[in-house]
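Please read the structure below before turning to the comments.
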Amino acid sequence: MSQIEINGEKKEYVLTRRKGMKSIRFRLDENGVILVSAPYQVSVSFIEKVLIEHGDELIAGRKRVDEAHKRWEQFVAERLKAVPDWTIKHYGEDIVAGKPYEAGSIFNGMQIVSTQIEFQNLFWNAYGIFRRDYQIKINDISVRKMKSRWGSCRPKVGRLTFNLLLLYVPRECAEYVIYHELCHYLELNHSKRFWAHVAEYVPDYKAIEKKLNEYGKILIDHVK
C-alpha cells in the first residue's frame, strides 16, 4: 500500500498491474483506499499525476454513493419497523437483505439468480396472456441495473430490458411495468390509445404507477 497527497490530504492507494489493460482505472473502496488498476507499461509517476489531477472527482463520487446507501438504509428501516429480525447486508456496491422489505416483492432472500428466474416466470406468464389478444413476437428479455427507467423495449428486434430493482418492489408494480412495455409493441408512444391498451391488463394502472414512482425516488437514485 502506498500514500499520495491530494489537495493537502494524505490518501492511501493500492496499485495492481493487469495484463492486457489499455487504460488506468480507479475506484475508492469503503475504507477510503484508492484501488488502482493499470497496464504494466504505465509508470508510477504518471499514475500518481493522474490521481492528483482527478482524486477530488473520485472522492466526491464515493461520497455520493455513501449518501445513496444511507438513504437506501433509511428507506428500508422505515418499511420494516414491524419486522424484528430484519438484517441489512452490504455486497460491494449493492445492499440486499434476508427478507422482502415490501410485502409481495419478488426478492425474499433467495440468491439473485433465483429471483431473476422468478421475474422471468412473471414476465412469460404476462406475455402468454397478452399474446392471446395480440400476436407480437418476443425473442429475448434481460434483467439488469438501469439508471433512469424501469424498462425499455425494442419492438423491431423483439427485445425487452427490465430494471433489476423491479425485484424489490411489490409484485403488482413489476407486473405493471411488464404490461407497460408490452403495450409499447402496439403503440410506440404514450398516447390515449397506448393507455387504453395498458388499462386492458392493468385497470388500476394510475394508482400502481403512482406507487412505483415513490419507489423510484429512492431505488433508482441508489444506482446512479
Side-chain angles (χ1 to χ4, degrees), residues 1-76 87-98 107 109-117 119-120 139-154 156-169 215-224:
M1 189 176 291
S2 305
Q3 281 194 340
I4 187 171
E5 190 171 300
I6 299 175
N7 287 339
E9 185 178 353
K10 288 186 178 180
K11 291 287 181 182
E12 295 180 329
Y13 76 91
V14 175
L15 173 59
T16 303
R17 301 287 187 174
R18 297 190 185 280
K19 187 177 180 180
M21 285 193 71
K22 296 182 180 180
S23 60
I24 305 171
R25 296 177 186 173
F26 302 97
R27 182 169 65 86
L28 203 65
D29 72 9
E30 293 182 355
N31 299 314
V33 177
I34 303 172
L35 306 179
V36 186
S37 299
Y40 282 99
Q41 64 269 25
V42 179
S43 67
V44 172
S45 60
F46 180 80
I47 290 170
E48 290 190 343
K49 179 184 175 183
V50 175
L51 268 176
I52 291 169
E53 290 175 353
H54 299 282
D56 282 346
E57 299 170 22
L58 192 66
I59 293 165
R62 179 74 239 181
K63 185 179 179 181
R64 287 194 296 271
V65 170
D66 288 342
E67 289 173 349
H69 279 170
K70 287 179 182 177
R71 289 195 297 272
W72 171 271
E73 289 178 338
Q74 288 170 0
F75 175 76
V76 171
T87 56
I88 299 172
K89 298 178 182 179
H90 290 256
Y91 291 98
E93 295 300 315
D94 295 326
I95 301 177
V96 297
F107 182 80
M110 295 187 295
Q111 294 181 352
I112 195 66
V113 173
S114 300
T115 54
Q116 289 195 56
I117 291 172
F119 181 85
Q120 294 252 356
N139 295 318
D140 178 59
I141 74 163
S142 61
V143 182
R144 63 177 177 80
K145 280 188 178 179
M146 300 175 75
K147 291 187 176 182
S148 61
R149 58 181 67 183
W150 292 109
S152 65
C153 66
R154 296 177 62 189
K156 289 184 178 180
V157 295
R159 182 175 302 161
L160 286 161
T161 304
F162 295 98
N163 196 322
L164 183 68
L165 294 172
L166 285 172
L167 303 181
Y168 297 83
V169 303
Y215 284 96
K217 291 175 184 177
I218 298 295
L219 300 181
I220 289 181
D221 181 60
H222 167 67
V223 299
K224 287 182 179 179

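All figures in this text were calculated on a predicted structure; none of them were measured in a lab.
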Sequence-distant partners of Ser142, side chain to side chain donor-acceptor pair (under 3.5 Å), two or more places apart = Thr161

task = State whether the side chain of Asn139 and the backbone N or O of Val157 hold a donor-acceptor pair below 3.5 Å, judged by distance alone.
result = yes

Partner set under side chain to side chain contact (heavy atoms under 4.5 Å, CB included) for Ile52, not counting sequence neighbours = Ile4

message = Working to the nearest 0.5 angstrom, can you tell me the gap between Phe162 CZ and Met146 CE?
response = 9.5 Å

Any residue meeting side chain to side chain donor-acceptor pair (under 3.5 Å) with Ser43, in chain and number order, not counting sequence neighbours = Ser45

query = Can you list the residues that meet the side chain to side chain contact (heavy atoms under 4.5 Å, CB included) rule with Val143, with sequence neighbours excluded?
reply = Gln116, Phe119, Leu164

ask   = Under 6.0 Å from the CZ atom of Arg17, do we count more than 12 heavy atoms belonging to anything else shown?
value = yes

query = Do the side chains of Leu51 and Ile34 get nearer than 4.5 Å, heavy atoms only?
reply = yes

message = Ser37: which residues meet the side chain to side chain donor-acceptor pair (under 3.5 Å) condition with it, sequence neighbours left out?
response = Arg18

ask   = Are the side chain of Arg154 and the backbone of Arg159 linked by a donor-acceptor contact shorter than 3.5 Å?
value = no

request  = For Asn163 and Gly151, indicate whether the former's side chain and the latter's backbone hold a donor-acceptor pair under 3.5 Å.
outcome  = no

Side chain to side chain contact (heavy atoms under 4.5 Å, CB included) between Val36 and Thr16, worked out = CA-CA 6 Å; Val36 186; Thr16 303; over 6 Å; no

task = Quick one: do Leu165 and Trp150 satisfy side chain to side chain contact (heavy atoms under 4.5 Å, CB included)? Show the steps, please.
result = CA-CA 8 Å; Leu165 294 172; Trp150 292 109; 4.0 Å; yes

request  = For Tyr13 and Val33, work out which heavy atoms get closest and say how close.
outcome  = CA-CG1, 4.2 Å

task = For Gln3, enumerate each residue passing the side chain to side chain contact (heavy atoms under 4.5 Å, CB included) test, keeping only those at least two apart in sequence or located in another chain.
result = Lys10, Glu12

